[in-house]
Amino acid sequence: MHEMSITRSILEIVGRQMAANNMNSLKKLTLRVGELTAIEPEVLRFCFDAAIKGTQFDGAALIIEEVPLGGRCRECAGEFRITAFDNCCPKCGSTNIDRVSGDELDIISMEGD
Amino acid sequence: MHEILIEEKILARNNEIAAANRQALSERGIYAVNLVSSPGAGKTSLIESMTRHLKDQSISFAVVEGDLEGDFDAKRVEKHGVPALQITTGRACHLDAHLIEHSLPWVLKHEGLKLLIIENVGNMVCPAEYDLGEDSMITVMSTAEGDDKPLKYPAIFAASEVLVINKTDLAPYTDFDIRKARENALKVNPYLKIFEASCRTGDGVKEFAAYIAKLAITKRSLKNT
Ligand SMILES: Nc1nc2c(ncn2[C@@H]2O[C@H](COP(=O)(O)OP(=O)(O)O)[C@@H](O)[C@H]2O)c(=O)[nH]1
Ligand SMILES: [Mg+2]
Ligand SMILES: [Zn+2]
């Protein structure tokens, strides 16, 4: 389970950003997590809540924006969600597609005082 | 209360160190692979079986072994006359770029090295997110597992360049369907290069070793020009 290491990396970045912005307490943290990452949002939430207890981040709400595995068709330029790795454009049936989303693992923003 | 936009990759720091590792290895013309699999799929066996073929092709190589604890795998590899360094990760279920950074002085002290094989901790999930600075990630799956593994653990198959289906000698005794496994793996990652091998009989190991040797030789020749 690497969600704990991921949590540590998150708090490292947030700690640095809070210091740089003279923020003393964290209220809300928003992440972007792609469907094709090896991150289980529920496990990450559990690790995050455990890790922030008694720290400057205590009480912060974690918002996880989940990004589906997305494709774009090279034939008809349609955009769609790739389900069950069918790799097939639902509009024109082409398999000539690019993956355009799903591997995100980012911190978007934070809120605090 | 105010909102502050951060927009930073969570693993930005790991990726920076990985890029530095990649640079350091490239300066020496060393090709690096990151071997990943579930525990017991045959990573160490594959390294042992490849040794003869790599030596035949004059590919001098070193191995960095990642494990939760113990140095069993490094000892196994050393028995074949291959330099091996054991890294123990303690509770961490994957290697990261920082751990590899610390092993680089050991790696680079070997003159004339063409290939570095990093055996990651046996785990199909966590290593997927951690770039180590390798040139290619190689997933090993065995016929003792399920042929639907690529669909269950897509991240690791999507992150890999190469897949080795190992223990083909056992396939007749399991309900593992190699054709289906290939199909599932290619669904998740259409660019995957797939090999079939048995470390027990030696089948297919030479072809896989030749492929890796060629990549290492190509990288070295790019450095020399
Ligand atoms: N039958 C069979 N057994 C294998 C093969 N490759 C490895 N093994 C066995 O599988 C077990 C685990 O192999 P090991 O190389 O330690 O796996 P690792 O944990 O991925 O490094 C050992 O008992 C090996 O002897 C193979 O191709 N066929
Ligand atoms: Mg091993
Ligand atoms: Zn289309």
Side-chain angles (χ1 to χ4, degrees), chain A residues 1-18 20-40 43-44 48 63-64 69 71 82-88 95-99 102-113, chain B residues 1-18 36 38 66 68 89-99 120-121 123-131 137 139 148-160 180 183-192:
Chain A
M1 192 188 68
H2 58 313
E3 278 83 354
M4 207 62 205
S5 335
I6 295 288
T7 300
R8 272 198 296 275
S9 300
I10 292 170
L11 295 181
E12 210 177 281
I13 295 171
V14 173
R16 180 162 33 80
Q17 290 279 353
M18 284 173 69
N21 290 282
N22 292 317
M23 194 183 271
N24 299 312
S25 72
L26 185 67
K27 295 282 181 289
K28 185 169 132 187
L29 182 65
T30 309
L31 311 179
R32 186 185 297 119
V33 176
E35 188 179 4
L36 198 53
T37 63
I39 305 297
E40 207 59 73
V43 179
L44 183 58
F48 182 84
I63 312 294
I64 302 180
L69 179 56
I82 299 173
T83 46
F85 298 104
D86 58 2
N87 301 320
C88 183
T95 53
N96 191 5
I97 61 163
D98 289 319
R99 290 196 179 157
D103 61 359
E104 298 78 2
L105 192 51
D106 312 312
I107 299 179
I108 301 177
S109 64
M110 64 182 184
E111 272 177 47
D113 294 309
Chain B
M1 185 151 106
H2 51 306
E3 178 168 17
I4 290 165
L5 204 66
I6 299 181
E7 276 302 344
E8 188 170 329
K9 285 192 186 307
I10 292 171
L11 291 175
R13 183 75 193 119
N14 183 78
N15 296 346
E16 273 169 33
I17 301 171
V36 297
S38 309
L68 295 174
T89 57
R91 280 194 328 217
C93 48
H94 57 271
L95 292 172
D96 61 26
H98 189 233
L99 286 165
N120 216 314
V121 181
N123 183 324
M124 278 233 138
V125 182
C126 316
E129 296 302 334
Y130 289 86
D131 184 7
M137 183 184 267
T139 291
D148 57 354
K149 208 127 201 197
L151 303 177
K152 286 185 174 157
Y153 300 92
I156 201 91
F157 289 86
S160 295
K180 193 168 259 166
E183 216 175 270
N184 287 338
L186 289 173
K187 265 190 190 175
V188 173
N189 182 352
Y191 303 104
L192 213 48

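Order of the sequence lines sets the chain letters (A, B, ...), proteins ahead of strands, with each chain counted from 1.
Partners of Phe157(B) under the ring pair (Phe, Tyr, Trp, His ring centres under 6.0 Å) rule, at least two apart in sequence or in another chain, do not exist in this structure. Partners of Glu12(A) under the side-chain hydrogen bond (donor to acceptor under 3.5 Å, both in side chains) rule, at least two apart in sequence or in another chain, do not exist in this structure. Evaluation of the salt bridge (charged side-chain N to carboxylate O under 4.0 Å, His left out) rule for Asp103(A) yields no partner, not counting sequence neighbours.
Interface summary for chain A: among Leu5(B), Val125(B), Val188(B), the most heavy-atom pairs under 4.5 angstrom belong to Val188(B). Comparing Asn87(A), Val14(A), Ile13(A), Leu69(A) by heavy-atom pairs within less than 4.5 Å of chain B, the highest count is held by Ile13(A).
Using a 4.5 Å cut-off between heavy atoms, Met23(A) contacts chain B through its side chain alone, with no backbone atom that close. Of the two parts of Tyr130(B), only the side chain, counted from C-beta on, holds a non-hydrogen atom closer than 4.5 Å to a non-hydrogen atom of chain A. At a 4.5 Å heavy-atom cutoff, Arg8(A) makes no contact with chain B through either its backbone or its side chain. In this structure, no portion of Ala92(B) lies under 4.5 Å from any heavy atom of chain A. Contacts of Glu7(B) with chain A are made by both backbone and side-chain atoms, with heavy-atom separations under 4.5 Å.
Ser5(A) is not listed as a side-chain neighbour of Asp96(B), based on a closest heavy-atom distance of 4.5 Å or more. Annotation: side chain of Ile10(B) is not in contact with side chain of Ile39(A) (no heavy-atom distance under 4.5 Å). In this structure, the side chains of Lys9(B) and Glu104(A) stay at 4.5 Å or more apart for every pair of heavy atoms. Between Glu3(B) and Met110(A) there is no side-chain heavy-atom pair separated by less than 4.5 Å. Within the 4.5 Å cutoff, no side-chain heavy atoms of Ile4(B) are placed close to those of Glu111(A).
At a heavy-atom cut-off of under 4.5 Å, chain B is reached by Lys27(A), Leu31(A), Arg32(A) from residues 24-32 of chain A, listed in order of number.
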